[in-house]
Colleague: 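Submitted below is the structure of interest, expressed as structure tokens.
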Amino acid sequence: MASSSSVDHRYTYDVFLSFRGADVRTSFMDHLFSNLKSKGIFPFRDDRELKFGDKIDGGLIDAITKSRVLVVVFTKNYASSTWCLDELWQIVRYNETAKELYHVRALFYDVEPSVVRHCGGNYKKDLDKHEERGSQEVSNWKKALAKGAHLPGWDWNNIANDSNESAFIDGVSKDIFEMLSNDGPLDLGENLVGLDSRAAKMNLLQFVDPRKVHMALAGSPSWFGPGSLIIVTGKDRQFFSSHGVEEIFEIELLDQNESMELFSLYAFKERKPKEQFIDLSYGVVDYVNGHPLALKVLGCFLFGKDVQIWKRGELKLHELLKRMGKQVVREESENPGKRSRLWSQKDSYSVLNRNMGTESVKGFRLRLTGCSKVRIDNKSFAKMNKLRLLKFHYKPLELPANGYAHRNIIFEGTEVDHSKNLEYLSNDLRLLSWHGFPFEFLPTAFYPEFLVSLNLSYGNIKQLWTGSKNFEKLTLMELRYCHQLIKTTDFTLIPNLEELYLECCTNLIELHPSIGYLKKLLTLNCKNCKKLKSFPADLELESLQTLILTGCSKLDSLPEDLGKSKALVKLHARGTSIKQFPSSIKYLFNLQALSIGGREIIPSKSAKSIFSLSFLPWKQDSSALILPPLSGLRLIKNLDVGHCNLSEADLLDISCLVSLENLNLSGNNFATLPSSFSQLSGLKSLGLVGCKNLEVLPLLPSTLHILDAQDCTALKEFPSFMYESKSFIYDLSNCSKLAENQTIEHLASMLLPQLSVDPHRSLDLFLPGRRVPEWFTHKNAGDRLSLDLPQPWSFRKFKGFATCAVFSPLNPNGSKGRLIEVSYSVQSLNDVFLCGTGIETRFFPNEKRCYESDQVWLSYIVPTPDWEMRWEMAKDNIEVEFEIWGICCDVKECGVRLIYDDDEAESSSRITEWLPHSDENNDKISSVVHSDDKDKDIDAE
């Protein structure tokens, strides 16, 4: 039990960790902080970078004072930081002068305790340096180190290898959790609440036959004299009954007042909560629902915590409470079918297949993955007539190594053996979520008036119910991929519905007209409902924020009433047959995302079901879509008008969209873009995929980060603004004219404007090419190479890292290559990750992306301070490995160049060495690189 002084002490943090950031911040400490937070433990973290000589400030001293657990993380260079040594001195002082207020521990990371204790090794060197610089505190620091080395705690050096790091960290977190959980007034002889009212109801429990007492509880009948009255407590009523207990009294849970009193005794050491904690305390009490043990544990856990800690939303998800709750349920009965909740795969499967369910079961969950055949007959749930939560769900398949699985389509399921009809489901259900619902209809007598959430996705449901049923509580309905569903239900008596998902109901023909009067509806998703022909004419969807009609290829119009949905933020209608949108769209002043145009997706003969529909081509209608008026949509950020047969004149309206950030114009017919596009000051990404008439790009905003101009086969020149951008990703692959018409000199003037390293510049560039330019100092066939670092190696001279990869389509059976993602990683010889980058090349996912010839990916990045510790460990040699994720693509060749201080003079002279001579100026480009503003290269063939 904490002393009175500790009871009065208020804590802001659970844990304070004193550590030298350069030693452990980027790996071990990040994992430790994350693990602590996952257990509901609130640590203090100071991320400032400190300079030599800085003194510990009042803020840190305050943080140490207001933390319950103080941990010193000793590392090899801990003593090099005067800040760390000052923290240690404070912590050791508190351990001696206020021991009852704190738990103080030491963690030894890659340093022996004896080195710390005797100030040997690096500790001696660092302390000597401090002494040479005139530090007056060295003697105090030495004493503190000696005392700190004797603290109880943890020794990282005792674990076998790095694979045990997570287990070690988890062990540290659990120990800290135990310290915090054991704090506070836990004397079980006191703080008794609700005892009088229950004692008045309770008679003494008497055994009828002393011989049965002997069999159940005692070693000899002589233990009990004649007329003895024995009180027994336990959780299994059947056990008492079978051993002759005459009277059984079931203890009631605490009511709200009793719960508040018990909780307050442990959280505040008072019978009432403190004024500033009243509302928060009621939140805890309501959640725990009268369980005394939970109230005690949570009271102890929150004891002494600051009000800000109480407000953290992690309380309900607190690991201890979850584990304790599960254990309480397990102890309800040895028979899983008599427990209130079933979540264990083994227990749920057993109860269902053996028909063991009872009215005790309130919640049932089963994952339909990785178990044997599940048997569901027409009366499987007849005995579970008090069921409030029912959930069957699938686990999606892992994505294949060389492909891309369509989200939410492919599942690794379990075979469900079922009868033709389901006769019974509990009318007490609040949540019904059944992926792959195997029946065509819900039970006739099923009328759960308190149902809040209904999800029958991927199932065989044909119709929810006939007529109109009153479900006032229902807010969420999900019927994704229900291919048997032909029409929706009547929504008239479901007034509070907020979300309706009908995605990929491919046979859905009709939306009930009542859907237009759902005034609280926020989201309506009808994506890929390919047979849906019309939308309700009368719309009063005043709360609607998201409307998704993408892929509804039969849908040819939207009602004029759409303009009444003034809360609409997202409207996606790509791939429909709509040629003219209602003029009222101009009144959707809150619209931020609009996608229209495109046509029905045509399945490819060679495409397998596991590949995303995003790869398949869009069919274009020969008649142009009439672009709706856009100038009034001042808040729009994302606009997709791809494949709309737009000309230059159609684009003028877009220049007025001052908030525009992402614009897709792919698949259109214009030859130029309006110069007014330069006024789109917030534009970040621009899609021009397959704009085959586009010849030149105007000046575009400097904010542009992504330019996707793949397959712009008429594009003749590199964009003039390319070299001005500090950071960009430009995809110019398959731009054949670009390679044909660009001279080496002109390209050099575009990509090599100056000879100075820009510390903020980074780029990724995709373009046609067959080999790695000579400018790269290290090249190799295939997807990996190794290189020696300049010696002596110094991270501070490291200025940039340039890479190049040539990827080639494999073209089996004439198929085209498709690229999804490219990446590379750099590792030291001892497998320490040094750096890397990855780019998903589908910047605009709906656009077709195919390759018939070799392409080049050029990348340049600048080192950041958080690289330093890892790169200093690299020392001699590094290995670079490239990886591409796609279909029928492979890395043909790769190259690397490390930009280093000693390399600057040489590289500026070498630029002219590998450039072709004047008689080669008209040779055509096979690849290009721009490594930085000083070192840049072009390679001619």
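The model shown is predicted, which means the values in this text are computed figures rather than measured ones.
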Colleague: Report the residues that fulfil side-chain contact (heavy atoms from CB on, under 4.5 Å) with L787, sequence neighbours left out, ordered by chain and then residue number.
Modeller: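 For L787 the side-chain contact (heavy atoms from CB on, under 4.5 Å) partners, ignoring immediate neighbours, are H778, L785, I878, V880, V896.
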Colleague: Listed by chain and number, what are the side-chain hydrogen bond (donor to acceptor under 3.5 Å, both in side chains) partners of S823, not counting sequence neighbours?
Modeller: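 Once residues adjacent in sequence are excluded, S823 has no partner under the side-chain hydrogen bond (donor to acceptor under 3.5 Å, both in side chains) criterion.
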Colleague: Is it the case that the side chain of R784 and the backbone of N780 share a donor-acceptor pair, with hydrogens and angles ignored and the cut-off at 3.5 Å?
Modeller: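 Answer holds: no.
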Colleague: How would you list, by chain and number, every residue that makes a side-chain contact (heavy atoms from CB on, under 4.5 Å) with D764, sequence neighbours excluded?
Modeller: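 Counting only residues at least two positions away or on another chain, D764 forms a side-chain contact (heavy atoms from CB on, under 4.5 Å) with I729, I839, W857, S859.
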Colleague: Measure from the side-chain N and O atoms of D306 to the backbone N and O of T12, and report whether any donor-acceptor pair falls under 3.5 Å.
Modeller: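 No, D306 side chain to T12 backbone: no donor-acceptor pair under 3.5 Å.
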Colleague: Atom CG in L70, atom OG in S18: separation rounded to 0.5 Å?
Modeller: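 Answer for the CG-OG pair, L70 versus S18, is 9.5 Å.
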Colleague: Once ring pair (Phe, Tyr, Trp, His ring centres under 6.0 Å) is applied, do any residues pair with F882, and if so which ones, sequence neighbours excluded?
Modeller: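 Ring pair (Phe, Tyr, Trp, His ring centres under 6.0 Å) list for F882, sorted by chain: Y824.
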Colleague: Who passes side-chain contact (heavy atoms from CB on, under 4.5 Å) against S34, sequence neighbours left out?
Modeller: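 side-chain contact (heavy atoms from CB on, under 4.5 Å) list for S34, sorted by chain: empty.
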Colleague: Is the shortest side-chain N to carboxylate O distance from R105 to D175 below 4.0 Å?
Modeller: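 Looking at R105 and D175, the cut-off is not met.
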Colleague: Under 3.5 Å, is there a donor-acceptor pair between the side chain of T97 and the main chain of R93?
Modeller: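 Side chain of T97 to backbone of R93: a pair is present.
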Colleague: Report the residues that fulfil salt bridge (charged side-chain N to carboxylate O under 4.0 Å, His left out) with E872, sequence neighbours left out, ordered by chain and then residue number.
Modeller: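 So E872 forms no salt bridge (charged side-chain N to carboxylate O under 4.0 Å, His left out) with any residue.
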Colleague: Check residues 111-123 and write down every donor-acceptor pair under 3.5 Å in which the side-chain atom is one partner and the other belongs to a residue at least two apart or another chain.
Modeller:
{"residue": "R117", "atom": "NE", "partner": "H150", "partner atom": "NE2", "Å": "3.4"}
{"residue": "N122", "atom": "ND2", "partner": "N77", "partner atom": "OD1", "Å": "3.3"}
{"residue": "Y123", "atom": "OH", "partner": "T75", "partner atom": "O", "Å": "2.7"}

Colleague: Have a look at D14 and tell me which of K305, K37, R68 forms a salt bridge (Lys or Arg N to Asp or Glu O under 4.0 Å) with it.
Modeller: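 Option passing the salt bridge (Lys or Arg N to Asp or Glu O under 4.0 Å) with D14: K305.
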Colleague: Tell me, please, which residues at least two apart from K142 pass salt bridge (charged side-chain N to carboxylate O under 4.0 Å, His left out).
Modeller: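 Partners of K142 by the salt bridge (charged side-chain N to carboxylate O under 4.0 Å, His left out) criterion come out as none, since no residue qualifies.
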Colleague: Using a 6.0 Å cut-off, check whether atom CZ of R341 has over 12 heavy atoms from anything other than its own residue.
Modeller: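 No.
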Colleague: Verify side chain to side chain donor-acceptor pair (under 3.5 Å) between T65 and Y94, making sure each step is shown before the conclusion.
Modeller: CA-CA 8 Å; T65 305; Y94 287 154; 3.0 Å; yes
Colleague: Is the F795-W867 ring centre distance short of 6.0 angstrom?
Modeller: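 No, too far apart.
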Colleague: Would the distance check show the side chain of Y102 and the main-chain N or O of S67 forming a donor-acceptor pair, the cut-off being under 3.5 Å?
Modeller: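 Side chain of Y102 to backbone of S67, a donor-acceptor pair under 3.5 Å: no, none is there.
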Colleague: Please check if atom CD in Q136 has more than 12 non-hydrogen atoms from other residues, nucleotides or ligands closer than 6.0 Å.
Modeller: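 No, because the 6.0 Å sphere around CD of Q136 holds 12 heavy atoms or fewer from other groups.
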Colleague: Any sub-3.5 Å donor-acceptor pair from S264's side-chain atoms to F268's backbone N or O?
Modeller: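 The answer is no, because no donor-acceptor pair under 3.5 Å joins these two groups.
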Colleague: Any donor and acceptor pair, going by atom type alone, linking the side chain of W871 with main-chain N or O of F798 inside 3.5 Å?
Modeller: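 Checked: no pair found.
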Colleague: Can you list everything that forms a ring pair (Phe, Tyr, Trp, His ring centres under 6.0 Å) with Y109? Sequence neighbours excluded, please.
Modeller: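 Y109: ring pair (Phe, Tyr, Trp, His ring centres under 6.0 Å) contacts with F28, W156.
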Colleague: Counting distance only, does the side-chain N/O of S135 pair as donor-acceptor with the main-chain N or O of V138 below 3.5 Å?
Modeller: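 No, because the side chain of S135 does not come within donor-acceptor range (under 3.5 Å) of the backbone of V138.
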Colleague: Once salt bridge (charged side-chain N to carboxylate O under 4.0 Å, His left out) is applied, do any residues pair with K272, and if so which ones, sequence neighbours excluded?
Modeller: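 K272 satisfies salt bridge (charged side-chain N to carboxylate O under 4.0 Å, His left out) with no residue once adjacent residues are dropped.
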Colleague: side-chain contact (heavy atoms from CB on, under 4.5 Å) with A144: which residues, sequence neighbours excluded?
Modeller: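 Result, side-chain contact (heavy atoms from CB on, under 4.5 Å) vs A144: L88, W89, V92.
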Colleague: Inspect the contact between E261 and R271 and indicate whether a charged nitrogen and a carboxylate oxygen are less than 4.0 angstrom apart.
Modeller: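 Yes, this pair counts.
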Colleague: Check side-chain hydrogen bond (donor to acceptor under 3.5 Å, both in side chains) between E883 and all other residues, then give those that pass, not counting sequence neighbours.
Modeller: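 In terms of side-chain hydrogen bond (donor to acceptor under 3.5 Å, both in side chains), with neighbours along the sequence ignored, E883 is linked to no residue.
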Colleague: Taking W343's backbone N and O only, do any of them form a donor-acceptor pair with Q345's side chain (distance below 3.5 Å, no angle check)?
Modeller: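 Not at all, since once roles are kept as given, no pair shorter than 3.5 Å links the two residues.
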Colleague: Determine, for R339 against D347, whether the closest basic-nitrogen to carboxylate-oxygen distance falls under 4.0 angstrom.
Modeller: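 Salt bridge between R339 and D347, a charged N being under 4.0 Å from a carboxylate O: yes.
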